[in-house]
Structure formats: structure tokens, C-alpha cells
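Please read the structure below before turning to the comments.
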Amino acid sequence: MSFSADVKEELCRVPLGKKCCAQAEAYGALLFCNHFSAGQIRIVTENAALSLRLPQLFWRAFRIDFDDYPDLLGEEGKQVFGITDPEKVSMIWETYGYEPSTSVSHHINYAVLEENCDRNAFLRGAFLTGGSVTDPRKGYHLELATSHYHVSRELSALMPELGFAPKETTRKANYVTYFKSSAAIEDLLTTIGAPIQAMEIMNAKAEKQLRGGVNRRVNCDAANLGKAVDAAQEQIEAIHRLEERGRLTSLPEKLRQTARLRMENPELTLSELALLCTPPITKSALNHRLKRLMEQAGEKTDDPPERGG
């Protein structure tokens, strides 16, 4: 099951509640469904939960049944709900203040959405028939698509009143209102009745951030380890050169001790190597000694090295 399907399943568990809320939810579903005209209503869905909710929703909102009713016990796939009875269609139009004989294009009748609960229900209905949301493990994108131009524009005007700032685009014959912000998607899903799936987005985001942090640390550690290995190899090669020239035994005791410890422990970091010194010294002091060894190995003169630690 997709993440969108999970969201719709959670939304379908929201109680239908008051008649005004049911009418508002049905309003959103109609304006974002497959076909809503003065002659026919047609809603197509593959979501099992929505297939069960639609008959209950329309009965609660209008006290009517669908004329075309799919076999909900049949095979999985597209389920088509339809209303063609002129009296039923006319009654639904009148509920939302439309006049079939004079209305040319659909608009959002804000009078139907005066209360916040009605607006939330409207958005829930719009998502159930015309919405989708990307799996948060792959990305953040939620959209509401309708074939009605004015509905899309008016939805974008309504959203800021609810605290949202969506973007708009077109795709073929549809007008799309969408969000790319994970926080906005979380808030919208919570508002319309899907807080559990909103939490899933938060969890996915936290997991991404955790993995990103771990990867950055691993990459950083790997880079630092590579540098440490290269530095240790250079130090060992310098010590070998000193041995080949017979100069290692003439060095001060502190430098000889450092050279011996580095040769015996090529894998240790400077901090770890410093603790093996007798007595233990700081990382900075050990680094200074190793630099002295590198300098001595780089000298071409056969004069004895200067004394000191």
C-alpha cells in the first residue's frame, strides 16, 4: 500500500460528524473528483476505505444513494460511483448555491465553509478524491488536483486563512495546488485528520537527518583516518631513512623512544601514541617530536644532530 493510500485510509476513519461537515467534505470531494457537472457526478477510486466511506458520506450530507454503485466485494481495482438522476444532481447543486441552468464554471462557495471545521472537512474531501502525497522516505510533495480553474485559484486564496502557503502549477488538463515543505505537509495532514501519517513524515525526516549525520561523521572519520595513515607512513619511512644512515642511535632518548613507539604501533593515532610514552606526554608534544624526526630524516648532512628533546 502506498503512503497516499495510508493517508486516505486514516482520513476515512474520521467520524462524519455534523451534517454541515459532511456536506463540506462532500463538496471538496466533488470539486476534486473525476466528473461533477449538471448532468452527472462520477467518482473513481481504487482506495477501499474511500469506497466504503463515500456512500455513508453522501447519505449523511444529502440523504441520497448513488445510482451507479460498484461491487465492493469484487476484485480490487477502480471503483466507480455515479449519480445521473437529474433530481439528485440538482439537489446537490442547490446545496452549494449553484444554478445548473446559469452556472458556467465551478467556484468555491465560501458560504458553505464559514466554520473552521467545515474548511478542514472540505480539504479532507478534496484530498480523498484529488490528492496525493509522496512517500516521505523518498521526498516531500503533497498536491491537490482539480479540472476546475477557478476552484484551484480560490483554494490557493483560502489556504492562507488556514495558515498554509501553497504553490500552483498546471499538469495537462488539471490545475494543481501543491506543497514541498515537509512541515507544511505535516500540518496539513494533521489539520484534515491524519495526524498518525503526519507523525510518519516527522519520523522519516528524523531518520534522514540521523543517517545524514552518521554518514557525514563516517566520511569525516574516514578522511581523518586516511590522513592519519598517510602521516604515519611518512613518519615510518623517515625513521627507516634515519636507520639506514645510522643516525637513529645518535638521536636524543626522547626522539629514539618516539621512533620506536611509532614503528611498533603504526596504526595508533597521535593521542594514543602519546599515552605510551614514558612518562605520557601530550599529543602536541608527540607531534613536535615526530616533526623533529622528519626534519632529521630530511637533512642530507652527515653532521651529528643537535641535542635536546
Side-chain angles (χ1 to χ4, degrees), residues 11-12 14-45 50 53-67 81-131 142-168 170 173-179 188 191-193:
L11 292 178
C12 287
V14 176
L16 291 176
K18 297 182 294 183
K19 183 177 181 180
C20 63
C21 293
Q23 289 182 343
E25 183 176 325
Y27 194 24
L30 288 165
L31 291 178
F32 286 78
C33 74
N34 303 81
H35 188 84
F36 178 35
S37 69
Q40 180 187 23
I41 293 172
R42 186 169 181 266
I43 302 175
V44 181
T45 181
L50 180 56
R53 185 177 181 85
L54 281 172
Q56 301 172 21
L57 175 64
F58 273 64
W59 181 258
R60 179 75 177 112
F62 314 113
R63 286 293 189 272
I64 64 172
D65 291 316
F66 286 95
D67 298 324
F81 293 82
I83 298 176
T84 54
D85 185 317
E87 291 187 5
K88 292 181 181 179
V89 175
S90 178
M91 189 268 283
I92 291 174
W93 274 59
E94 291 174 1
T95 299
Y96 300 119
Y98 295 153
E99 176 52 57
S101 61
T102 59
S103 297
V104 178
S105 60
H106 283 296
H107 290 265
I108 295 177
N109 184 353
Y110 293 110
V112 181
L113 310 176
E114 291 183 348
E115 302 296 331
N116 283 336
C117 61
D118 297 331
R119 295 179 181 181
N120 296 344
F122 175 81
L123 293 177
R124 179 166 57 252
F127 185 88
L128 284 171
T129 58
L142 181 149
E143 66 177 44
L144 300 169
T146 178
S147 60
H148 309 296
Y149 171 75
H150 295 293
V151 170
S152 178
R153 297 301 304 272
E154 289 159 2
L155 176 66
S156 293
L158 175 65
M159 284 288 194
E161 297 182 21
L162 300 173
F164 301 107
K167 297 180 180 180
E168 299 175 72
T170 57
N174 287 323
Y175 303 94
V176 181
T177 303
Y178 69 96
F179 297 87
L188 181 60
T191 296
I192 64 177

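Position 1 is the first residue of the sequence, and the numbers go up from there.
In this structure, the side chain of Y27 does not engage the main chain of Y96 through any donor-acceptor pair within 3.5 Å. Looking at Q40, its side chain never comes within 3.5 Å of a backbone N or O of T84 through a donor-acceptor pair. Between the side chain of T146 and the main chain of L31, a donor-acceptor pair closer than 3.5 Å is present. Judged by distance alone, with hydrogens and angles left aside, the side-chain atoms of T95 form a donor-acceptor pair with the main-chain N or O of M91 at under 3.5 Å. Of the possible polar contacts, one joining the R53 side chain to the C12 backbone as a donor-acceptor pair under 3.5 Å is found. Checked by atom type and distance alone, the side chain of K88 pairs as donor or acceptor with a backbone atom of D65 at under 3.5 Å. Counting only distance, with no hydrogens or angles, the side chain of N174 and the backbone of V176 share no donor-acceptor pair below 3.5 Å.
Atom CG in L54 sits 5.0 Å away from atom CZ in F66 (nearest 0.5 Å). In this structure, CZ in R119 is found 12.5 Å from OG1 in T191, a value given to the nearest 0.5 Å. If you take CD1 on I43 and OG1 on T45, they are separated by 9.0 Å, rounding to the nearest 0.5 Å. For the atom pair CG of L30 and OG1 of T129, the computed distance is 7.5 Å after rounding to the nearest 0.5 Å. Residue E168 holds its CD atom at 9.0 Å from OH of Y178, rounded to the nearest 0.5 Å. Here CD1 of I64 is found 3.5 Å from CD1 of I92. Values are rounded to the nearest 0.5 Å.
Side-chain contact between L155 and L123 is present, with at least one heavy-atom pair separated by less than 4.5 Å. Using a 4.5 Å cut-off on side-chain heavy atoms (C-beta onward), D118 and V112 make no contact. A heavy-atom distance below 4.5 Å is found between the side chains of F127 and L142. Within the 4.5 Å cutoff, the side chain of E154 has heavy atoms near those of the Y110 side chain. The shortest side-chain heavy-atom distance between L113 and E161 does not fall under the 4.5 Å cut-off.
Relative ring orientation between H107 and H150 is described as parallel, the plane-to-plane angle staying below 30° on a 0-90° scale split at 30° and 60°. Ring geometry for H148 against H106 counts as perpendicular: the plane angle is over 60°, on a 0 to 90° scale with 30° as the lower cut. The aromatic rings of F122 and F32 sit perpendicular, their planes meeting at an angle over 60°, well past the 30° parallel limit.
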(request) Verify salt bridge (Lys or Arg N to Asp or Glu O under 4.0 Å) between R60 and E25, making sure each step is shown before the conclusion. (result) CA-CA 11 Å; R60 179 75 177 112; E25 183 176 325; over 6 Å; no

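Smallest separation of non-hydrogen atoms from Y175 and S147: CE1-O, 3.6 Å. The minimum heavy-atom distance between N34 and V44, with the atom names listed, is OD1-N, 2.7 Å. Across every non-hydrogen atom of P55 and F81, the tightest pair is CG-CE2, 3.8 Å. Residues P166 and T177 approach most closely at CB-CG2, 3.5 Å, considering heavy atoms. Here the shortest heavy-atom pairing between Q23 and A61 reads NE2-O, 3.0 Å.
Summarising the local packing, CD of E115 is surrounded by 12 or fewer heavy atoms from other residues, nucleotides or ligands at distances under 6.0 Å.
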